[in-house]
Amino acid sequence: AQSVTQLGSHVSVSEGALVLLRCNYSSSVPPYLFWYVQYPNQGLQLLLKYTSAATLVKGINGFEAEFKKSETSFHLTKPSAHMSDAAEYFCAVRGSGGGADGLTFGKGTHLIIQP
Amino acid sequence: KAGVTQTPRYLIKTRGQQVTLSCSPISGHRSVSWYQQTPGQGLQFLFEYFSETQRNKGNFPGRFSGRQFSNSRSEMNVSTLELGDSALYLCASSPGDRGSMNTEAFFGQGTRLTVV
């Protein structure tokens, strides 16, 4: 069974600073990996996904993530934080074990942007 | 293209009652999954329906059930509500075929259920 660990339930950065949200996965087979963002009282919006075509994945709103198999990581970054980036971020994995697995989510990281 | 629609957005129920939540997926999507989101447990997978059949199930008691109709719309039902069932219930749709495992799930805005 796959699992996801997000390090840091809260991350605070200054506006304009680098954003780094950490995600490590555990999967016995090559995973499908996703980053979602959730704004208050809203559903989840996809930021980006790993499809095995490239290890560096670019998403919406200037976010990108790098898949590192040796480290079983899929960390999310953004060079310069904006106030509108304040939200909850979730890393998710879907196994490719043949079943139609649901997404397994990390606990989430609340991103706080300091003015 | 319309997104995933969940109704109602907010619901207040009393312990012991039952509740039915509805989800209309994106047109053409045949898979509908349900998730429960709580502050303590985070996002947890409930079940997934594909072509009117439950294809996968999370670790929830039998009080949680669902179904899918021929037009792919889905409902989930919770019977004998408990205080701990208070949560945001999210529905997600995706194409669902085996070749689209790397396709993202598109989420609705959720139904906020409060059990009092």
d(Leu47(A) CG, Glu104(B) CD) to nearest 0.5 Å is 11.5 Å

Chain B contacts: which residues in residues 104-115 of chain A have a non-hydrogen atom closer than 4.5 Å to it?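 Residues in range: Phe105(A), Lys107(A).
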
Please check if [X] and [Y] belong to a single hydrophobic cluster, counting links between Ile, Leu, Val, Met, Phe, Trp and Tyr side chain heavy atoms closer than 4.5 Å.
| X | Y | value |
| --- | --- | --- |
| Val57(A) | Val19(A) | yes |
| Leu21(A) | Tyr50(A) | yes |
| Leu46(B) | Leu103(A) | no |
| Met76(B) | Ile26(B) | no |
| Phe74(A) | Val11(A) | yes |

If I compare all heavy atoms of Leu90(B) with all of Gly43(A), which pair ends up nearest, and what's the gap? CD2-CA, 3.9 Å

So for Gln37(B), is it side chain, backbone, both, or neither that comes closer than 4.5 Å to the heavy atoms of chain A?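 The side chain, not the backbone.
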
Would you mind checking which part of Leu43(B) comes under 4.5 Å of any heavy atom in chain A, side chain (CB onward), backbone (N, CA, C, O), both or neither?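 Looking at Leu43(B), backbone and side chain both touch chain A.
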
Over 12 foreign heavy atoms within 6.0 Å of [atom1], [X]:
| X | atom1 | value |
| --- | --- | --- |
| Arg63(B) | CZ | yes |
| Lys58(A) | NZ | no |
| Asn71(B) | CG | yes |

Sort by residue number and list every residue of residues 106-116 of chain B having at least one heavy atom under 4.5 Å from chain A. Phe107(B), Gly108(B), Gln109(B), Arg112(B)

Gln38(A), part contacting chain B, at a heavy-atom distance under 4.5 Å: side chain

Report yes if some heavy atom in the side chain of Tyr35(B) is under 4.5 Å from a heavy atom in the side chain of Leu44(A); otherwise report no.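 Side-chain contact under 4.5 Å: no.
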
